[in-house]
Amino acid sequence: MFDFIKKGFERTFGAINSAKKDKKITKDILEDMLLEADVAYEIIEEIIYYLPPQDEVKRADLKRVMSSYFIYENERKIADDKPFVDLILGVNGAGKTTTIAKLANLYKTSGKSVILGACDTFRAGAIEQLRQWSLKIDVPIVATQQGHDPSAVAFDTISSALAKDIDRVILDTAGRLQNQTNLANELSKIVRISSKAYEKAPHRKILILDGTQGNAGVAQAKAFNDIVRLDGVIITKLDGTPKGGALFGVARELELPILYIGVGESMNDLVKFNPDEFLDGLMDVIFG
């Protein structure tokens with residue numbers, strides 16, 4: 001797993017390393033290194049504030065302070081269930097459909113049965129794209145025509161999972177901009193109707209964030225969190241950006257766990273986010 005972290009954050013760690021001027025890490029050097037990785041400035045100030053008063057930064061102190069941003073990873077444990085329903089949200093272009101396919105593949109390779117629900121009925125292309133993925137990874141899908149009620153698709157998908165004893169349900173949703181009132185109404189309705197199909201559904205409302213956006217994604221995530229209370233985020237395309245330090249902003253501002261990260265283009269390049277491994281990799285770069 002640690003290799004996946006190094007692969008996913010290769011450009012971020014490279015950016016940090018480029019700002020390293022000395023083996024001895026002072027607070028000024030640390031500030032420059034973290035800025036290169038797109039860690040928000042107020043977070044850098046906060047990190048430095050909570051470090052011991054001496055100018056030289058020690059590895060153990062820095063890891064202890066930085067780990068406090070990920071305490072939410074362990075606070076929201078949702079009990080497993082059958083079916084377990086993930087409602088996936090995010091704007092177009094964030095990698096939502098591909099991530100759904102990767103998540104379905106991850107579940108499938110861990111021995112779980114999966115069904116997809118194509119609730120993005122706003123675009124015909126979205127339905128077809130998800131249908132093609134369902135064929136590639138060989139999982140069933142419930143889909144309808146463009147313009148049909150997405151909450152009806154959610155209801156039918158969950159009902160099908162119940163009838164066929166399927167372990168996991170993954171529901172796609174429309175990716176229009178989050179400031180549209182109709183999107184807010186649509187997402188709220190999908191959540192409400194899902195619970196009519198199965199009272200515990202959806203178990204998780206997960207936002208897909210494009211890692212290449214860095215801290216700009218935090219505002220997007222806040223807007224979605226205002227519409228439907230999110231349970232976690234998946235950050236995609238981290239292998240293609242030096243802005244991986246934005247993870248601190250996501251964790252701090254949303255107080256949400258980062259569930260998975262996308263670290264490459266292959267179907268197996270979606271991995272569970274482990275804060276300890278991420279921080280160990282970060283410490284190796286800073287103090288190595």
Counting N and O atoms only, with roles assigned by atom type, does the side chain of [X] sit under 3.5 Å from a partner on the main chain of [Y], one being a donor and the other an acceptor?
X      : Y      : result
Thr12  : Thr241 : yes
Thr173 : Cys119 : no
Lys205 : Val228 : no
Arg204 : Asp86  : no
Thr236 : Leu209 : yes
Gln146 : Thr121 : no

At their closest point, which heavy atom of [X] faces which heavy atom of [Y], and how far apart are they?
X      : Y      : answer
Glu186 : Ala174 : OE2-CB, 3.6 Å
Phe9   : Leu247 : CZ-CD2, 3.7 Å
Ile170 : Val114 : CD1-CG1, 4.1 Å
Leu238 : Gly244 : CD2-CA, 4.1 Å
Ile166 : Pro140 : CD1-CG, 4.5 Å
Gly211 : Ile235 : CA-CG2, 3.7 Å

**OP:** Start with the C-alpha distance between Asp276 and Phe70, add both sets of side-chain angles, then the distance that settles side chain to side chain contact (heavy atoms under 4.5 Å, CB included), and finish with yes or no.
**Re:** CA-CA 9 Å; Asp276 270 344; Phe70 299 107; over 6 Å; no
Shared hydrophobic cluster, [X] / [Y] (ILVMFWY, side-chain heavy atoms < 4.5 Å):
X      : Y      : result
Val218 : Ile43  : yes
Tyr49  : Leu35  : yes
Val57  : Ile29  : yes
Val39  : Leu256 : yes
Leu116 : Ile127 : no

Which donor-acceptor pairs under 3.5 Å do side chains of residues 259-271 form with protein atoms, sequence neighbours excluded?
residue, atom, partner, partner atom, Å
Ser266, OG, Asn268, N, 3.4
Ser266, OG, Asp269, OD2, 3.1
Asn268, OD1, Asn105, ND2, 3.4
Asp269, OD1, Lys7, NZ, 3.0
Asp269, OD2, Lys7, NZ, 3.1
Asp269, OD2, Glu265, N, 3.4
Asp269, OD2, Ser266, N, 3.1

Non-hydrogen side-chain atoms of [X] and [Y] separated by less than 4.5 Å:
X      : Y      : result
His203 : Val169 : no
Leu162 : Pro83  : yes
Ile44  : Glu46  : no
Phe287 : Lys63  : no
Tyr198 : Asp81  : yes
Ser110 : Leu106 : no
Asn92  : Arg123 : yes
Val250 : Val233 : yes

Evaluate whether atom [atom1] of [X] has more than 12 neighbouring non-hydrogen atoms of other residues, nucleotides or ligands under 6.0 angstrom away.
X      : atom1 : value
Lys27  : NZ    : yes
Gln145 : CD    : no
Glu42  : CD    : yes

Reported [atom1]-to-[atom2] distance for the pair [X] and [Y], which is rounded to 0.5 angstrom:
X      : Y      : atom1 : atom2 : result
Ile141 : Leu130 : CD1   : CG    : 4.0 Å
Leu62  : Ile48  : CG    : CD1   : 9.5 Å
Met66  : Ile47  : CE    : CD1   : 4.0 Å
Ile16  : Asp38  : CD1   : CG    : 11.0 Å
Leu279 : Arg59  : CG    : CZ    : 10.0 Å
Leu171 : Ile115 : CG    : CD1   : 9.5 Å

**OP:** Classify the ring geometry between Phe278 and Phe13 as parallel (under 30°), tilted (30 to 60°) or perpendicular (over 60°).
**Re:**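 Taking Phe13 first and then Phe278, their aromatic rings lie parallel (interplane angle under 30°).
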Original post:
Going through the distances and angles, do Leu254 and Leu207 end up as a side chain to side chain contact (heavy atoms under 4.5 Å, CB included)?
Top reply: CA-CA 11 Å; Leu254 300 177; Leu207 180 68; 5.5 Å; no
Original post:
Quick one: do Asp167 and Lys82 make a salt bridge, cutoff under 4.0 Å?
Top reply: yes
**OP:** Determine, for Lys243 against Asp210, whether the closest basic-nitrogen to carboxylate-oxygen distance falls under 4.0 angstrom.
**Re:**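 No.
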Original post:
Which of these, Ile100, Ile234, Leu89, sits in a side chain to side chain contact (heavy atoms under 4.5 Å, CB included) with Ile206?
Top reply: Ile234
**OP:** Could you verify whether a donor N or O on one side chain and an acceptor N or O on the other, from Thr26 and Asp28, lie under 3.5 Å apart?
**Re:** no
Sequence neighbours left out, cut at 3.5 Å: what donor-acceptor pairs do the side chains of residues 152-160 make with other protein atoms?
residue, atom, partner, partner atom, Å
Thr157, OG1, Val153, O, 2.6
Ser159, OG, Phe155, O, 2.8

Original post:
Is there a side chain to side chain contact (heavy atoms under 4.5 Å, CB included) between Tyr41 and Glu31 once you walk through the steps?
Top reply: CA-CA 8 Å; Tyr41 189 68; Glu31 179 180 306; 3.8 Å; yes
